[in-house]
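To start, the structure under review is shown below, and the notes come after it.
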Amino acid sequence: MKKMKQTKYIFVTGGVLSSLGKGISSSSIATLLKHSGYDVSIVKIDPYINVDPGTMSPLEHGEVFVTFDGAETDLDIGHYERFLNTNFSKQNNFTTGQIYLSVIENERQGKYLGKTIQIVPHIVDEIKHRIKNAGKNSDFLVVELGGTVGDIEGMPYLEAMRQMKHELGSDCVISIHVTLIPLIRAIGELKTKPTQHSVQELRRIGISPQIVLARCEKPLSKELKKKLALSCDVDDDSVIVAEDAESIYKCPINFLKEGILTPIARRFKIDELKPKMDEWDMLVKKIISPKNSITIGFVGKYLSLKESYKSLTEALTHAGANTDTRVNIKWIDSENLDNNTLYDLEDVDGILIPGGFGERGIEGKIQAIKYARENKIPFLGICLGMQLCIVEFARNILNIKDANSTEFDPETKNPLIYLIEDFIDQQGNEQIRTHQSPMGGTMRLGEYECKIKKDSQLAKAYNNNLTIKERHRHRYEANPKYRSSLEENGMIVNGESSNGLIEAVEIKNHPFFVGVQFHPEFTSRLQSPNPIILEFVKKSLESKEK
Ligand code: GLN
């Protein structure tokens with residue numbers, strides 16, 4: 001591992017429009033630096049006023065990603081972990097809400113000694129403090145600023161970035177601007193004007209980017225690149241074209257081919273960067289043209305917004321890359337699933353029920369679970385998916401017809417799933433009550449240890465490692481009152497937390513039927529796929545081959 005004396009900062013801003021893939025671009029740059037032998041960290045700044053995305057609707061925000069230390073973060077943190085194969089923490093994502101909250105708290109405690117509190121210097125100082133904190137101990141810190149240059153709420157962050165360059169010098173802080181070069185189809189021409197305007201806007205604030213990363217649908221000619229370099233005032237080798245890629249994991253390789261590391265090394269005045277990308281390249285090839293293929297029935301409810309299942313669909317891709325398999329997803333809307341539409345599940349090789357909140361689509365998911373159980377189709381239920389497979393088993397095997405979760409029927413006489421608070425009230429153990437959600441109630445968040453039962457399907461998946469750590473995000477819990485009747489009838493508790501919470505179940509005499517209370521998708525990476533998701537993909541492949 002090489003070591004830099006002073007952290008080098010790379011700020012990534014966006015121009016022209018949003019959704020240009022700044023998260024993937026930032027992750028790809030960080031990946032190349034990491035594979036060059038450096039210690040790399042990365043931070044996402046969200047300029048909105050919410051303190052975190054935990055209470056935002058998935059329709060508004062996409063997935064809420066959970067870090068090991070229990071922070072509810074932007075989904076880009078998930079990309080960072082998947083690309084960099086690293087656990088990041090609550091320090092790697094902050095919002096305007098958090099910045100103001102700490103400045104106002106400091107003000108209330110009298111920490112500013114009676115001064116007038118202003119955006120400059122107080123808010124900007126807090127931003128710089130958080131950025132430096134995220135970068136301490138790293139050789140490089142990539143800082144991704146959410147939103148688009150010109151947004152009012154982004155201004156204090158751009159000012160912080162300008163000041164950091166002033167303070168640390170131009171060989172410690174560089175700026176990369178990600179923009180779009182639109183193709184005007186009627187005349188078949190690529191247009192550079194929006195990029196020029198966006199760079200001008202940045203300059204007005206006092207920032208001149210050193211590298212322009214241009215998203216385009218087709219290659220940019222040498223002349224256009226030269227024209228862009230001239231008008232944006234960057235070196236000729238510093239216009240990097242990012243064409244649409246077949247897989248997001250191909251981006252680091254594409255950026256490398258485009259030569260992005262040359263201007264980065266030159267600007268930072270460091271030796272040539274030579275990343276080792278062989279293993280990565282091999283995995284990407286397996287994503288793009290694998291030998292095998294399977295289809296997984298994905299029974300969920302936010303299907304119009306697949307972004308809310310980002311980590312899980314990526315985890316399936318990782319499991320596929322590591323088994324040389326294309327994992328096709330058949331999206332099945334649980335609201336449309338009932339006894340008459342189960343034929344939707346006939347052509348799938350495995351059935352997956354993801355996590356979720358709220359009553360909509362619950363009965364459809366229960367039907368899908370019954371179908372998987374009875375037809376011996378490999379099944380994985382995650383969080384809500386596990387809770388529902390217990391409810392299904394209770395209704396159809398234990399014959400408890402009104403079995404339910406109190407999330408959906410607070411009055412049920414048979415709460416197979418109940419609030420974590422109810423568990424605490426019955427069993428004691430106050431330690432569980434660590435996280436108070438802002439809406440009230442206990443949300444169990446972040447990483448916890450799980451003890452796995454020997455010789456179970458879960459143990460096999462985790463390579464007989466009987467103590468594992470996985471991440472959580474839930475308010476409800478399986479009720480231990482029913483445990484013995486579940487076990488007597490063939491549903492085994494195969495995972496437990498140290499304080500006795502039921503963390504996983506499986507059923508006997510089934511090729512693969514596992515429910516887990518944790519979210520295995522949050523720890524899956526391209527280079528180290530999550531074990532239980534990998535096992536589910538392998539079993540689905542086996543079942544297809546049979
Ligand atoms: N709604 C369920 C709970 O709160 C499941 C949550 C989830 O799937 N993430 O426990």
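We count ligands from 1, going down the list as the structure has it; atoms in each ligand are counted the same way. Please read all numbers here as calculations on a predicted model, not as lab measurements.
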Test side-chain contact (heavy atoms from CB on, under 4.5 Å) applied to Phe536 and Asn530, step by step
CA-CA 10 Å; Phe536 170 60; Asn530 178 280; over 6 Å; no
Have Glu314 and His79 got a donor and an acceptor in their side chains that come within less than 3.5 Å?
no
Mind listing the closest non-hydrogen atom pair of Asp69 and Ser89 along with its distance?
OD2-CB, 3.2 Å
With no hydrogens and no angle check, just 3.5 Å: does a side-chain donor-acceptor pair link Gln517 and Tyr448?
no
First locate atom NZ of Lys44, then atom CZ of Phe88, and finally report the distance between them rounded to the nearest 0.5 Å.
14.0 Å
Test of ring centre spacing under 6.0 Å for His318 and Tyr249
yes
Close-range residues for ligand 1, whose non-hydrogen atoms fall below the 4.0 Å threshold
Gly355, Gly356, Phe357, Cys383, Leu384, Gln387, Glu407, Arg473, His474, Arg475, Tyr476, His519
